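Inspection log for the structure reproduced underneath, given as structure tokens.
In this text the structure is predicted, and so the values were computed from the model without any measurement.
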Amino acid sequence: RGPPRARAAGEPEALRGFLPVAGEPAAVVPPDAARLAALGCDAVRTIEACLEATDITAFELARLTTAFRASETSHKTIMFQVLFMRAMRARDNGTLLSLYNRSFGRPTPSMREELRRALPKVRGVDNFPKYFHIINVWYGPRVFSALLRDAMREAIQEKQNGLDKSGELTRKIGVLGCTMRRETDPRNPLALKRSVWAQRAFTLLREAQDRRGTPRTPLDEREARREAREVERVEWKLVAAAQQLLAAAEAALEYLRGGGGGGGGGEDQSAVWR
């Protein structure tokens, strides 16, 4: 796979904090917390394995989590707009205008029912893959992480709300191992770099198509993209697993640093790990 990417300086604390805490003397880590510490170390190793498989860094994992939470209201608005347009769709504008003339602009019963069914769909979206499914776009974790970085670069370059007048954000981006050079081409999103395994699946299918001895068709191209997308779906599942483990590891680390007892903390952490 080539040399691994450097670990970001701003990675979640639990990925750096567990091994030192778990290795402290029993006077610091109470015996009843030893099992929790061991589980935390196992969780960190599993998270790192998920990161390696999906070809993203720990900092990118944290960004995927915080970016979704920070934009949740916007996501819901966009999803409802998309579902609204689908509910109000017609074969052509003339047909839709005729329908509205007959109903005095009110939606038909079938349209209202479709909108009613849209609300649970919107409320049930709790991650980026589900969001992509509703708005009918697709990006794998690695590609989408690059898009998020470029969005930050654009915001800094445009100096939105005066965020980078002092150059502090640009300096922090440099500390995290990033540059201000764009990684993606908005004019050609299909040229975005996939993860190693998704690109491998795409390449293998293309090679199999070439061995047929006939020119590739647009249908062949779509089939190869679908193959890569299936791998990326698995990668998003690994991201979700890593996010859940990271949340549990951070909670457990906080518990251990608090002395491993008192206030019902042990009961809470037991529930988390179950």
Flag, side chain of R142 to backbone of D55, donor-acceptor distance under 3.5 Å: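 Between the backbone of D55 and the side chain of R142 there is a qualifying donor-acceptor contact (under 3.5 Å).
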Side-chain donor or acceptor of E60 paired with backbone N/O of T57 under 3.5 Å: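 Looks like yes, one N/O pair under 3.5 Å.
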Lys/Arg-Asp/Glu bridge criterion (N-O < 4.0 Å) met for R116, E113: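 Looking at E113 together with R116, the answer is yes, because their closest N to O distance falls below 4.0 Å.
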Exercise answer: donor-acceptor pairs, residues 73-86 side-chain atoms, under 3.5 Å, sequence neighbours excluded:
from: H75; atom 1: ND1; to: S71; atom 2: O; distance (Å): 3.3
from: T77; atom 1: OG1; to: T73; atom 2: O; distance (Å): 3.0
from: R86; atom 1: NH1; to: I134; atom 2: O; distance (Å): 3.0
from: R86; atom 1: NH2; to: I134; atom 2: O; distance (Å): 2.5

Sequence-distant partners of [X], side chain to side chain contact (heavy atoms under 4.5 Å, CB included), two or more places apart:
X	result
A242	I47, C50, L61
R206	F202, Q209, R216, E221, A224
R222	P218, L219, R226
Q244	none

Contacts of [X] that satisfy salt bridge (charged side-chain N to carboxylate O under 4.0 Å, His left out) - sequence neighbours left out:
X	answer
R229	none
R69	none
E227	none

Exercise: do E232 and S195 side chains pair donor with acceptor under 3.5 Å: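 S195 and E232 do not have a side-chain donor-acceptor pair below 3.5 Å.
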Return the set of residues passing side-chain hydrogen bond (donor to acceptor under 3.5 Å, both in side chains) with [X] (not counting sequence neighbours), or none when no residue passes.
X	result
W236	none
T217	D220
Q243	T65

Per-pair distances, 0.1 Å, donor-acceptor, side chain in residues 119-132, under 3.5 Å, sequence neighbours excluded:
from: D126; atom 1: OD1; to: K130; atom 2: NZ; distance (Å): 3.0
from: N127; atom 1: OD1; to: K130; atom 2: N; distance (Å): 3.0

Worked verdict on T54 versus V234 for side-chain contact (heavy atoms from CB on, under 4.5 Å): CA-CA 9 Å; T54 55; V234 175; over 6 Å; no
Quick check on the hydrophobic clustering: are [X] and [Y] connected, directly or via other members, by side-chain heavy-atom contacts under 4.5 Å?
X	Y	result
F68	L51	yes
F59	L238	no
L246	L148	yes
L64	L147	yes

Nearest-0.5 Å distance, CD of residue E235 to CZ of residue R194: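 Reported to 0.5 Å precision, the distance equals 11.0 Å.
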